[in-house]
Amino acid sequence: MMQLDELNDKQREAAVYVDGPLLILAGAGSGKTKTITHRIAYLIEEENVNPYNIMAITFTNKAAGEMRERIDRIVGFGSESIWVMTFHATCVRILRRFIDQIGYDRNFTIYDTDDSKSVMKAVFKKLQIDPKQYKEATVLREISNAKNELLGPDDYALQNAADFGKKRYIDAYREYQETLRKSNALDFDDLIRLTVYLLKACPEVLENYQHRFRYIMVDEYQDTNTAQFVLIKLLADAHKNLCVVGDDDQSIYKFRGANIKNILNFEKNYPDAKVIKLEQNYRSTQNILNAANAVISNNTGRKTKKLWTAREEDMPVRFRMYDSGKEEAEEIVDEIIRLKRRGEYEYGDCAILYRTNAQSRAFEEAFVYQSIPYHIVGGVNFYARKEIKDVLAYLKTIDNAKDDLAVRRIINVPKRGIGAASITKVQEYADSRGISFFDACTEAEQIPTLGKAAEKIKNFSLMIRVFRTRLEDSGILEITQKLLEDTQYIEEIQASDEDDAEDRIANIDELLTKIQLYEEDNPEGTLSEFLEEVALVSDLDAVDEGDSRVLLMTVHSAKGLEFPVVYLSGMEDGVFPSYMTINSGNEEDIEEERRLAYVAITRAKDILAISSARARMIRGETQYNAVSRFVKEIPQEYLKGEVPIQRVRWDEVPSQGSKARDFFRENPYHANRTDAGKTYVPKKIVLSKGSDLTSEKPDYQVGDRVVHIKFGEGTVTAMEQTPRDIQVTVVFDSVGQKIMYAMFAKLKKI
DNA sequence: CGTACTAGTCTTTTT
DNA sequence: GACTAGTACG
């Protein structure tokens, strides 16, 4: 008999309500994963449902992995036949089996955002679209939106036929999709869209899956887009045993096509749906929850819901304002050191959250300076790094001969004397014959205009084909190692004497380790399967419990996670909420940012420290922003703020509408002071122009010990004045001698 | 064909 | 400020 008594009343109600549509509105930290896992256990143990008939869909691999683990623990035997996967992985699984029915090859490749951009670049060239007039990113976003709405190129053309402004978009979408098809490639959005297309086009495939998935659960339902909504609807249509879990207040992916109406209108779409709210929070202190509730209550059109907790400890949320982004970072790092020293918290208990990835740099510098272990989540995805993409492109070329993009990427990497001109000629030949780029390479001697390059191209093609045959009796790791050896790829990096050569080689080593781990975990795994897994993996998945480093990440990345101590930084109007949303003047956009703030606040268990900076460098420009409107929405009684008054001096009244004036009027702490009508001018702001660290002379000289953000500690051996900057030579303890510009290197004396 | 320098863009968030 | 694509030159 299973343990339902671990659940509270509402959770239990949700766990045992198994027939028909169910909407679980689960507030932050209300134990939704626990509820879902118990529900699955209940289905199997009490309702005698075959695990084979159950499916649980999530958005991130991390969420899927976590759920898988918890299900395995509670269900035990048979749990492996439950589908616990992300939307994308689910679709790949379906497509790998049936995509040939809609005219693709079953060993299709998956293009990431980078690949899509390359394709679009080629499309622009081919259609002679002026990249100054149209932006690739904009066109891609438009296509992505269309795909999320299940519009193929033809549907899109039809829908926008009357709009002259969209003419080029229509052409670009057509050509883009045609290129993908020729390359036997699918982008992220295609994975969902084409699965829906397949299920609609092939009733017997749909029936097969409908029959199989008698019970379907969807996590983070508020983040589903139209395509995902339709996919779920199709799959659940036969049995209607659809349980969706979500929180409309945590819908933060509108830019990715998420449609908050999917959750708000669930009861309309499923009139007999049962709705259960989970409002008890097991994570945060009451003060943190009060702050979160206060902020989110400013949004309209929510499903009302109020989080409460039984937790007693109650430390007010703290707000602090700093002079600059740099000071903010340094002070926060100092504070984390103090928390650790006092033995209250470990580094791994602390997280620093920010709105944009660019904000991580100031923190990174502060952490390096203090030698505190830290880990930045997100940013440049490991698999998006140049050297990793190169190696993967080799593997893709070996795996799928039709992936032109991969072939073109590595045909001259490392340099083998095949230049842009030759590549164009091969491409033209391929286009005229209607064959793939790689096949054209194989018959390079047939292309008369190539001249000497033909021989080189031929050799390249031969090498790939040799690897292809080798693949039959050697593992992925073996192939990759041989590949690196044959191509002298690592030697090439070493010879390039770029200052990140060591990093890049380390990255390749890490890739080899990942391949090895993959092969250990999946002894039967093929190269295709490995590449597929890699394509759907993000950096966030690397976050593991028990990490002893301070975590830094965007608020988006933090969704679904929790930390004892949270520093919510950069709370300024223009940063969070971002300029884009403020300028758009669209209240809906502001509401989305507010939900983002709500997500940020509710990540904290014990301590929440909010901060802002008076001045901040953004895109190489110093900006003075007001304290975020979201901070002002937190009532004073839940907040404790300390503005460093001593850094501020009483000065003349600035002219109407000046930034300094606005700043103080907007500052919640000054607003309530007796002299609130008057205005302060912070001294440092007036002086700050040109006083930035970059224009200062180095404070070190030859013989000094210095620390660098990447290379660690070293000794300065030479300094030479050049027209633009000072050239510094440093012998680092770990990586040896490097020559760099002082302005660029930002060395710190120790 | 490859390198070195320049100009332009980017920054909101990601599976 | 940082990165990238594009261009001029060797």
Side-chain angles (χ1 to χ4, degrees), chain A residues 57-64 85-92 110-114 116-118 121 124 131-132 135-137 141 144 148 187-192 220 223-225 227-228 251-258 325 353-362 377-381 383-384 386 412 414-423 451-453 456 496 500 535-541 553-559 570 574-584 589 592-593 595-597 599-600 616-623 692-695 724 743-744 746:
Chain A
I57 295 194
T58 66
F59 275 84
T60 65
N61 294 300
K62 181 166 167 52
M85 273 183 273
T86 65
F87 269 101
H88 296 271
T90 304
C91 289
V92 169
I110 301 165
Y111 278 1
D112 65 17
T113 327
D114 245 34
S116 297
K117 218 174 146 192
S118 308
K121 215 162 263 170
F124 270 35
K132 282 182 192 100
K135 296 243 61 70
E136 284 128 13
R141 204 176 314 127
S144 172
N148 288 335
D187 63 18
F188 282 133
D189 302 316
D190 276 344
L191 293 176
I192 316 279
E220 306 278 16
D223 289 331
T224 51
N225 59 37
Q228 288 157 339
S251 165
I252 56 173
Y253 283 110
K254 191 173 156 212
F255 70 93
R256 209 166 70 190
L353 307 184
Y354 36 76
R355 178 68 237 271
T356 65
N357 277 309
Q359 288 163 258
S360 65
R361 177 155 266 107
V377 179
V380 186
N381 189 335
Y383 294 102
K386 208 184 300 161
N412 199 30
K415 306 251 162 18
R416 39 176 87 86
I418 305 171
S422 307
I423 292 175
K452 269 192 226 157
K456 297 169 186 165
S496 75
D500 61 347
L536 297 174
V537 162
S538 76
D539 231 17
L540 186 61
D541 305 328
M553 66 187 93
T554 64
V555 180
H556 280 90
S557 305
K559 192 165 87 150
V575 177
F576 195 172
S578 75
Y579 264 112
M580 306 278 262
T581 49
I582 293 176
N583 290 340
S584 81
D589 289 348
E592 171 123 339
E593 293 273 309
R595 290 193 291 270
L596 195 55
V599 168
R616 183 180 298 277
M617 280 278 261
I618 296 170
R619 273 145 76 195
E621 215 181 334
T622 307
Q623 293 188 0
D692 210 81
L693 78 162
T694 49
S695 56
R724 256 184 299 161
M743 197 167 81
F744 194 74
K746 291 200 186 130

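Because only heavy atoms are used, hydrogens play no part in the values below, and waters and symmetry mates are left out as well, while side chains stay in. Numbered from 1 within each chain, the chains take letters A, B, ... in sequence-line order.
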Contact class for [X] vs. all strands (heavy atom < 4.0 Å): base, sugar-phosphate, or nothing?
X      : result
A:T581 : nothing
A:E593 : base
A:F255 : base
A:N412 : sugar-phosphate
A:D112 : nothing

Please tell me which of A:A420 and A:I618 maps to the more 5' nucleotide of DNA chain B, matching each residue to the nucleotide holding its nearest heavy atom.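 Whichever sits nearer the 5' end wins; that is A:A420.
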Starting at atom [atom1] of [X], determine the distance to atom [atom2] of [N], rounded to an integer number of angstrom.
X      : N      : atom1 : atom2 : value
A:F87  : B:dT15 : CZ    : C1'   : 11 Å
A:K456 : B:dG2  : NZ    : C1'   : 12 Å
A:R355 : B:dC10 : CZ    : C1'   : 15 Å
A:R141 : B:dC10 : CZ    : C1'   : 12 Å
A:H88  : B:dT14 : NE2   : C1'   : 9 Å
A:Q359 : C:dA2  : CD    : P     : 16 Å
A:I423 : B:dC1  : CD1   : C1'   : 11 Å
A:F188 : B:dT15 : CZ    : C1'   : 6 Å

Side-chain contact, heavy-atom cut-off 4.5 Å: [X] with [Y]?
X      : Y      : value
A:F255 : A:R141 : no
A:V575 : A:Q359 : yes
A:L536 : A:L191 : yes

Of the candidate nucleotides [options], which contains the atom at the shortest distance from the side chain of [X]?
X      : options               : result
A:S422 : B:dT15, B:dT14, B:dC1 : B:dC1
A:T113 : B:dC1, B:dT12, B:dT15 : B:dT15
A:K121 : B:dT15, C:dA5, B:dT12 : C:dA5
A:R361 : B:dT12, B:dT9, C:dA2  : C:dA2

Distance below 4.0 Å between [X] side-chain N/O and [N] OP1 or OP2:
X      : N      : result
A:N148 : B:dT15 : no
A:K415 : B:dC1  : no
A:T554 : B:dT14 : yes
A:S557 : B:dT14 : yes

Taking the P atom in each of C:dT4 and B:dT13, what is the distance between them to the nearest angstrom?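 15 Å, rounded to whole Å.
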Between A:N148 (side chain only) and A:D189 (backbone N and O only), is there a donor and an acceptor less than 3.5 Å apart? no
Side chain to side chain donor-acceptor pair (under 3.5 Å) partners for A:T554, two or more places apart: A:S557
Any chance you could lay out the side chain to side chain contact (heavy atoms under 4.5 Å, CB included) test for A:Q623 and A:M617, step after step, and finish with the verdict? CA-CA 6 Å; A:Q623 293 188 0; A:M617 280 278 261; over 6 Å; no
